[in-house]
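Report on the following structure.
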There are 2 protein chains.
Amino acid sequence: MRPTVHDIAAKAGVSLATVDRVLNDRPGVRAVTRAKVEAAIAALGYVRDVAAANLAKSRVYPLVFILPEGDNPFMRGLEAEVRRAGLHSAAERTRLSVTTVPAFDGAALVGAIDAAIAGGVAGIAAVAVDAPEVSAAIARVQEAGIPFVTLVSDLAGSGRDHFVGVDNIAAGRTAGSLMGRFLGARPGPVAVLAGSMRVRDHGERLEGFLAAMSAMPQARAVLPVLEGQDDPGRSHALIADCLANVPDLAGIYSLGAGNRGLIEALSAGGRGDLCVIVHELTAETRAALQEGLIDVVLNQDAGHEVRSAIRVLRAKADGLPVNAGQERIRLDIFIKDNLPAGPDEEN
Amino acid sequence: MRPTVHDIAAKAGVSLATVDRVLNDRPGVRAVTRAKVEAAIAALGYVRDVAAANLAKSRVYPLVFILPEGDNPFMRGLEAEVRRAGLHSAAERTRLSVTTVPAFDGAALVGAIDAAIAGGVAGIAAVAVDAPEVSAAIARVQEAGIPFVTLVSDLAGSGRDHFVGVDNIAAGRTAGSLMGRFLGARPGPVAVLAGSMRVRDHGERLEGFLAAMSAMPQARAVLPVLEGQDDPGRSHALIADCLANVPDLAGIYSLGAGNRGLIEALSAGGRGDLCVIVHELTAETRAALQEGLIDVVLNQDAGHEVRSAIRVLRAKADGLPVNAGQERIRLDIFIKDNLPAGPDEEN
DNA sequence: CTGTTAGCGCATTCAG
DNA sequence: CTGAATGCGCTAACAG
């Protein structure tokens with residue numbers, strides 16, 4: 001059996017309470033006593049039984065996810081994953097809730113953050129909007145001693161505890177590199193469809209894409225970025241226009257969430273020869289990939305992200321370290337040939 | 001607070017012991033009583049606190065991983081991941097051990113399996129060799145009521161409880177598809193380097209690769225498979241030969257673990273124009289990818305696989321269901337642009 | 001067949 | 001500053 005608090009109490013010649021005090025380093029222990037206990041801990045190779053500790057604390061962790069509202073399928077997928085995780089959350093002493101706010105709206109996000117602080121949550125995960133008032137709100141969260149993680153879109157330098165999401169610069173670079181290799185020597189410019197430059201993930205993807213494209217052996221023009229606000233209608237119009245006006249268009253990189261509009265324009269346009277790379281695997285992009293309308297889908301697994309955010313928030317709340325390796329969110333590259341089974345991703 | 005066994009005992013008008021009996025459905029409860037208790041459980045929406053249950057049981061789960069021995073870097077990586085998981089295993093009441101056996105050797109594997117049964121383990125994870133005596137051994141494991149999962153290479157139809165690893169047919173298909181697209185119109189045959197057809201993963205990858213290659217718009221010859229037994233020396237010799245004898249070679253698909261030999265032959269050969277696709281991200285393949293000697297690395301994350309195997313084995317041992325979505329091992333596609341950070345994968 | 005009781009390993013009162 | 005006692009939610013003897 002591995003050593004328990006009793007063993008170390010016996011070995012150090014003190015009581016359980018004292019052991020507990022040095023374990024959780026709480027005040028009220030003389031330095032000598034503390035040293036004795038620490039020696040015993042080291043000697044026995046004690047490791048705390050987290051499950052038992054949580055049981056004794058009978059503490060619950062109310063965590064809140066703040067997500068953009070609207071019909072963005074990826075965000076709705078994230079929300080679904082939070083609810084799914086909520087089913088199992090009972091076992092982990094975690095209470096999950098979701099708040100939605102208008103997309104790309106810093107003020108609304110700030111309101112939700114302040115409400116969460118007031119509500120006394122144990123941790124917050126939010127899709128960050130790049131605005132100074134948001135950074136200020138995050139500072140208030142820190143001051144309240146509440147862990148905060150950014151989700152999907154980061155806000156480095158804001159003081160957030162952790163970022164849960166892919167490396168978006170690398171994602172853009174990957175898109176650019178695949179685009180270049182798939183097109184090979186074929187001539188023609190490529191178009192880029194984004195949502196808004198007010199979220200950092202879109203900006204970072206663009207940056208990586210441009211860098212990779214310009215590093216390709218054969219030079220290729222990249223047309224000015226089209227901003228569709230992640231709205232299907234606007235995206236459709238922008239792409240339809242582009243297809244009509246640029247007859248020698250060779251490829252499209254869609255780095256935001258306007259994919260429904262893009263796909264509609266593509267199937268109407270009848271240009272099966274384009275190389276199309278998009279982000280996020282949804283029912284729509286999956287179907288388009290299978291049909292050959294899309295060549296590559298770059299994806300971040302919403303389920304992994306939600307579970308990772310929960311683990312990190314809990315670890316921070318308990319003052320525990322996070323396992324960086326386990327919490328790294330990978331960029332999935334899907335082509336028609338390695339598409340995972342179910343249409344609902346998981347079951 | 002969520003309901004506890006006390007609540008349901010009170011509501012059903014029985015004692016804790018009786019509640020526990022129906023919860024773990026043990027004998028010794030009249031049908032009527034059982035029904036009353038079940039009604040209370042349903043009414044209160046009770047969910048058992050697994051942590052508390054395990055604490056009370058103070059049961060430990062000795063799990064054994066049976067891996068091929070030798071200097072196969074991927075297998076050594078797996079072993080390292082098991083040891084790493086072992087550090088945290090204390091907290092999860094799990095005791096991990098590793099047994100190594102000669103590669104591609106069915107009899108040795110059978111010996112290790114029978115030893116594990118005799119040793120009274122709570123679960124077994126093994127890299128399967130495709131041989132009838134192995135299936136027979138797995139049947140004995142089942143009979144002993146011990147959960148068994150195949151790792152990396154499956155043995156469907158053997159009665160194993162679960163397979164932890166990637167879909168190898170899809171992996172081969174992905175390799176073929178990328179090979180075709182990257183080569184485009186460039187002429188020349190491609191070579192395939194394998195370890196041995198006695199493990200099913202190699203066979204499946206080949207199958208998928210050939211299917212994808214033959215589905216490409218432009219036909220391309222695939223040379224007869226080179227079997228290097230996952231040995232660096234033999235692999236080196238085979239590839240060096242091939243490079244010398246096939247001057248118009250366009251690409252190489254290495255679906256086994258002979259990558260060190262392959263890489264040596266490639267850097268000696270000075271043929272920077274080949275499209276090279278290999279499996280498993282190791283220090284060697286990572287360096288070769290960065291240098292441009294290799295174009296694509298298909299990978300299965302050893303850390304994920306080990307953690308998944310542990311979760312599944314524990315769930316089976318407790319008679320709990322497994323979350324198929326969470327346990328699906330994804331095929332990672334790495335190109336130079338989306339290579340994750342550290343050289344040691346995690347930290 | 002059913003109930004009582006005593007822990008599992010730890011945190012937390014409340015006394016001393 | 002330190003210790004003894006109680007309970008978290010559940011399981012497992014042991015009685016009845």
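A, B, ... follow the sequence lines: proteins, then strands. Residue 1 opens every chain. None of these values were measured; they are calculated from a predicted model. For the numbers below, each heavy atom of this structure counts, side chains included, while hydrogens, waters and symmetry mates do not.
Residues meeting the side chain to side chain contact (heavy atoms under 4.5 Å, CB included) test with B:A108, sequence neighbours left out: B:V101, B:P102, B:D105. In this view, A:K11 and A:A40, A:A43, A:L44 satisfy the side chain to side chain contact (heavy atoms under 4.5 Å, CB included) rule, not counting sequence neighbours. Under the rule for a side-chain hydrogen bond (donor to acceptor under 3.5 Å, both in side chains), A:N72 has no partner lying at least two apart in sequence or in another chain. Residues satisfying the salt bridge (Lys or Arg N to Asp or Glu O under 4.0 Å) test with A:D167, not counting sequence neighbours, are none. Remark: B:T4 pairs with B:H6, B:D7 by the side chain to side chain contact (heavy atoms under 4.5 Å, CB included) rule, at least two apart or across chains. Remark: B:A17 pairs with B:S15, B:R21 by the side chain to side chain contact (heavy atoms under 4.5 Å, CB included) rule, at least two apart or across chains. Not counting sequence neighbours, the partners of B:E79 by the salt bridge (Lys or Arg N to Asp or Glu O under 4.0 Å) test are B:R76, B:R83.
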Ignoring hydrogens and angles, write down the donor-acceptor pairs under 3.5 Å from the side chains of residues 60-69 of chain B, residues two or more places apart or on other chains.
unit_1: B:Y61; atom_1: OH; unit_2: B:D318; atom_2: OD1; d: 2.5
unit_1: B:Y61; atom_1: OH; unit_2: B:D318; atom_2: OD2; d: 3.2

All N/O donor-acceptor pairs, side-chain side in residues 25-37 of chain B, below 3.5 Å, sequence neighbours left out:
unit_1: B:R26; atom_1: NH2; unit_2: B:D20; atom_2: OD2; d: 2.2
unit_1: B:R34; atom_1: NH2; unit_2: B:R26; atom_2: O; d: 3.3

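Taking the 5' to 3' direction, DNA chain D first and last meets chain A under 4.0 angstrom from a heavy atom at D:dC1 to D:dG9.
For the helix from C:dC1-D:dG16 to C:dG16-D:dC1, the end axes, each set by the C1' atoms of five terminal pairs, are bent relative to each other by 40° (nearest 10°).
Across all strands shown, A:V19 has no heavy atoms under 4.0 Å from either base or sugar-phosphate atoms.
Residues B:R330 and A:D301 have side chains in contact (heavy-atom distance under 4.5 Å, counting atoms from C-beta outward).
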Give me the distances for all protein-to-nucleotides 10-12 of chain C N/O pairs that come in under 3.5 Å?
unit_1: C:dC10; atom_1: OP1; unit_2: A:Y46; atom_2: OH; d: 2.3
unit_1: C:dC10; atom_1: OP1; unit_2: A:D49; atom_2: N; d: 3.1
unit_1: C:dC10; atom_1: OP2; unit_2: A:V5; atom_2: N; d: 2.7
unit_1: C:dA11; atom_1: OP1; unit_2: A:R48; atom_2: NE; d: 3.2
unit_1: C:dA11; atom_1: OP1; unit_2: A:R48; atom_2: NH2; d: 3.3
unit_1: C:dA11; atom_1: OP2; unit_2: A:D20; atom_2: OD1; d: 2.6
unit_1: C:dA11; atom_1: O5'; unit_2: A:D20; atom_2: OD1; d: 3.4
unit_1: C:dT12; atom_1: OP2; unit_2: A:R26; atom_2: NH1; d: 2.9

